[in-house]
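On a predicted model such as this, the values are computed, not experimentally measured, just so you know. Note that the numbering runs from 1 along the sequence shown for the chain.
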Amino acid sequence: MLQNQSLLSNLYFFDNNFQLHDNFTYESLLGKFQSSNQSTYLLINDVYKNTLPKEKEILDIPRVTTYNDDNITTDISAQLSLFAINNNRIKIPSKVEHVIRKYISRKLLKEIHKDVEVSIELCLLFCSQLNSTYFDIKNGKQPEGWKSLRAEYLREFLSLSPLTYKKVIKALEQPLKRGAILECDYKPIIGEKNHFYRLTEPYLGKGIVSCDLKTKEAIGLLNKHYYRVLGEAKKNPICENLIRFYQDISLPTIDQIEKEAERLIASGYVTKKGKKLRKLNGHARTYYKNHKELSFVEDAIEIFEYLTDNGLLIPTVGGEASGGRVVDSFTLMPSWIRNLVVVNGNIHVESDYSCLHPNIAITLYDGSTSNLTHYDLGSELNIDINTVKVEHLSFFNKQVWQMQQSPLYPYYQQNEPIMLQKVIAEKYNSPFKHKITSRRLFAKEVEVMTAVIQQLNKEGIFVGYVYDALFFHPDYAKRVKEVMDAVIQQYGIKTIAKLSNEEKQNLDMEALTKTKVVLNAIKKTQVPTVETVSVLEVNVEALNFSDRIKSMLQEKITNGEQLNFVDATIVFGKNDTIKDKVLMIQDRLNPKANYVIQSHVLGSA
């Protein structure tokens with residue numbers, strides 16, 4: 001693991017008395033920074049050092065990543081900035097710099113700025129805004145490569161003068177022998193869409209390269225952009241928490257990532273989006289007939305390098321379409337790599353809400369189900385639980401006809417008809433059409449997670465954030481879960497938080513003996529009568545610690561059903577056993593896990 005320097009030592013300007021103003025020049029800000037006797041870089045966070053050559057092609061994912069197996073939706077659009085190790089480095093579409101330098105009219109360039117080198121670098125800054133189209137084309141989301149860019153944003157980003165961005169666009173649209181570099185649809189719709197831009201065919205989807213800016217004007221604009229984004233981050237509780245959290249983390253090395261990939265491939269690892277992990281091994285994706293069902297290690301590593309090779313990304317707040325979700329290096333990182341991140345030298349623990357968005361929908365749209373789980377739907381519909389999880393990632397964001405084709409639709413039609421009717425009616429009547437549901441779900445999720453993080457921060461606990469999940473030092477696991485459960489109850493959303501070490505980690509004897517789940521909703525009188533059996537040996541691998549099993553059994557207890565726990569010897573290995581009470585379960589979706597321990601369901605007296 002590569003340990004970072006203290007990020008906080010460089011954040012002197014986040015003092016409450018420090019104000020960011022647009023009239024700060026790069027020189028004045030840099031002078032202020034250097035006078036603090038800190039690093040000469042703006043925000044060094046050297047969790048990962050990389051000396052990639054300028055010509056090295058790098059993948060870029062400023063909006064949505066295909067190969068990230070987390071719940072990232074196509075509604076999220078964020079311009080990502082860096083805690084820059086090299087504060088003059090940007091990434092640009094391949095081939096454009098050479099063409100700008102050699103073929104763009106000097107007359108047009110001088111209209112942008114009297115210094116042609118400044119004009120060229122301003123054109124490169126604009127082109128950097130189209131990096132995401134490389135991935136959009138690659139993953140098929142936007143095969144034509146269009147990207148929406150607001151005029152207000154471009155005017156602020158290239159703010160040497162109010163018309164600088166228009167002059168840059170004019171230069172990039174100059175007809176050349178092989179065609180212009182840039183084209184625009186010039187079809188804005190007030191309140192709905194901005195102008196859409198894309199690279200033309202010779203440059204579209206051709207890769208991404210690194211580029212070092214050299215003129216003080218371009219570097220100044222880039223760093224002013226960083227300061228502006230940092231200023232916005234300071235105003236957001238989740239972002240501010242993340243900036244405090246980054247000082248405690250260490251990232252894995254590429255060697256560690258590759259070894260973990262080999263282990264996961266050998267174990268048959270499947271991502272949360274249902275894609276099997278494997279290596280390209282030098283082949284093109286099309287070499288594999290089922291390549292759309294695969295997640296490739298090489299792509300994941302390139303994504304990791306992009307997200308960390310020049311420091312960590314500044315956490316950025318999404319727009320209303322994403323409910324204000326925060327995006328940073330870790331939300332965009334493949335989760336199997338993120339799992340290797342350590343916090344103060346310890347493997348981190350993660351806690352997330354069980355089946356959060358469906359339970360939020362039940363609350364917002366007057367549903368009746370309590371504590372809905374993916375298992376419930378899988379069991380009733382007789383479909384694999386992984387299929388349920390993948391479908392739930394997009395079910396509420398679909399158009400009505402798409403919802404009706406989903407394997408989940410019969411469940412909601414049968415069990416939540418009122419809720420479903422309200423969701424459908426809103427999709428038809430809202431100005432946001434079918435996307436209104438996900439906007440509301442995202443917004444409520446962010447509201448809940450903000451409240452959780454604010455409470456934890458008051459207690460001196462800072463955490464990583466991945467939408468509805470948090471990751472943190474293992475010492476904080478119990479308290480984080482308690483706060484998450486308390487907050488979600490305050491919002492009237494009937495679900496609970498679950499810890500990753502309950503399901504994903506190999507539990508040793510010490511961990512088992514310390515596991516205590518306190519359930520205030522279960523009264524002493526509800527504890528079932530225990531039937532004693534003289535000797536029952538249970539191999540530890542036959543135990544099930546999943547949250548869905550616990551929820552299912554708690555519901556049975558609440559409904560007055562009797563669960564017969566029996567005395568058993570839990571066998572970890574030769575001469576390594578403990579005594580406990582277990583319940584044999586019939587878990588059709590996970591037949592290898594045959595028993596659940598009483599203390600996992602009821603807690604200990």
Side-chain angles (χ1 to χ4, degrees), residues 71 323 352-383 385 387-430 434-449 451 468 484-498 519-523 526 546-563 587-589 601:
N71 183 16
D352 69 332
Y353 286 115
S354 177
C355 206
L356 179 60
H357 280 202
N359 282 293
I360 291 177
I362 288 169
T363 301
L364 293 180
Y365 297 96
D366 299 326
S368 58
T369 305
S370 176
N371 200 6
L372 180 66
T373 67
H374 299 300
Y375 175 85
D376 294 333
L377 275 74
S379 179
E380 181 159 335
L381 297 172
N382 196 30
I383 58 178
I385 190 171
T387 301
V388 176
K389 289 180 177 179
V390 172
E391 271 296 306
H392 259 154
L393 295 180
S394 60
F395 180 73
F396 292 104
N397 193 40
K398 292 180 176 181
Q399 296 183 46
V400 174
W401 69 268
Q402 293 171 321
M403 292 177 68
Q404 291 170 340
Q405 292 184 349
S406 168
L408 305 185
Y409 190 81
Y411 175 88
Y412 287 104
Q413 189 176 37
Q414 177 67 32
N415 297 278
E416 294 291 353
I418 296 176
M419 166 189 153
L420 191 59
Q421 289 173 9
K422 290 187 175 183
V423 169
I424 291 173
E426 187 175 51
K427 285 179 180 289
Y428 282 131
N429 297 322
S430 170
H434 68 281
K435 294 186 177 181
I436 181 59
T437 318
S438 61
R439 289 170 73 106
R440 293 187 65 189
L441 299 183
F442 288 144
K444 185 59 65 175
E445 170 204 292
V446 171
E447 188 179 348
V448 168
M449 298 306 289
D468 69 337
M484 290 181 72
D485 285 341
V487 169
I488 203 74
Q489 289 177 18
Q490 292 170 7
Y491 280 88
I493 301 168
K494 297 177 181 178
T495 186
I496 58 174
K498 59 184 185 294
L519 301 172
N520 295 328
I522 298 179
K523 299 177 181 179
Q526 292 177 302
S546 72
D547 186 70
R548 60 184 173 80
I549 289 294
K550 182 172 68 177
S551 299
M552 179 182 70
L553 297 180
Q554 288 172 1
E555 184 173 352
K556 288 180 178 294
I557 293 171
T558 302
N559 292 337
E561 298 182 39
Q562 181 168 311
L563 302 180
D587 184 11
R588 176 175 48 77
L589 298 181
V601 179

Hey, are the side chains of Leu408 and Leu377 touching, using non-hydrogen atoms and a 4.5 Å cut-off? yes
Report yes or no: does Thr495 contribute a side-chain atom to a donor-acceptor pair with the main-chain N or O of Ser354 at less than 3.5 Å? yes
Please find the pair of heavy atoms, one from Ile493 and one from Ile360, that lie closest to each other, and give the distance. CD1-CG1, 3.8 Å
Evaluate the side-chain proximity of Ile362 to Ser368: yes if any heavy-atom separation is below 4.5 Å, no if none is. no
Could you tell me whether the side chain of Asp366 and the main chain of Met419 form a donor-acceptor pair under 3.5 Å? no
Taking every non-hydrogen atom, the tightest pair across Gly492 and Thr363: O-OG1, 3.3 Å
Are the side chain of Tyr353 and the backbone of Met484 linked by a donor-acceptor contact shorter than 3.5 Å? yes
Gln402 (side chain) donor-acceptor with Gln399 (main chain) under 3.5 angstrom: yes
Are the side chains of His434 and Val400 in touch, meaning some heavy atoms are under 4.5 Å apart? no
Mind telling me whether Phe396 and Tyr412 have parallel, tilted or perpendicular rings, with 30° and 60° as the class edges? perpendicular
Heavy-atom distance under 4.5 Å between the side chains of Leu441 and Leu364, does that happen here? yes
Derivation and outcome, side chain to side chain contact (heavy atoms under 4.5 Å, CB included), residues Val448 and Leu356: CA-CA 11 Å; Val448 168; Leu356 179 60; 5.9 Å; no
When you look at Glu416 and Lys422, which way does the salt bridge (Lys or Arg N to Asp or Glu O under 4.0 Å) test go after all the steps? CA-CA 10 Å; Glu416 294 291 353; Lys422 290 187 175 183; over 6 Å; no
Do the non-hydrogen side-chain atoms of Lys435 and Arg440 ever get within less than 4.5 Å of each other? no
Can you give me the closest heavy-atom contact between Phe395 and Met403, atom names plus distance? O-CG, 3.4 Å
Are any side-chain N or O atoms of Asp376 and backbone N or O atoms of Thr373, one a donor and one an acceptor, separated by less than 3.5 Å? yes
Check: Ala497 main-chain N/O paired with Asp485 side-chain donor or acceptor under 3.5 Å: yes
Between His357 and His392, is the ring centre distance below 6.0 Å? no
Heavy-atom pair of closest approach, residues Ile496 and Asn371: N-OD1, 4.4 Å
Partners of Lys427 by salt bridge (charged side-chain N to carboxylate O under 4.0 Å, His left out), sequence neighbours excluded? none
Here the pair of heavy atoms bringing Ser406 nearest to Pro410 is O-CD, 3.7 Å
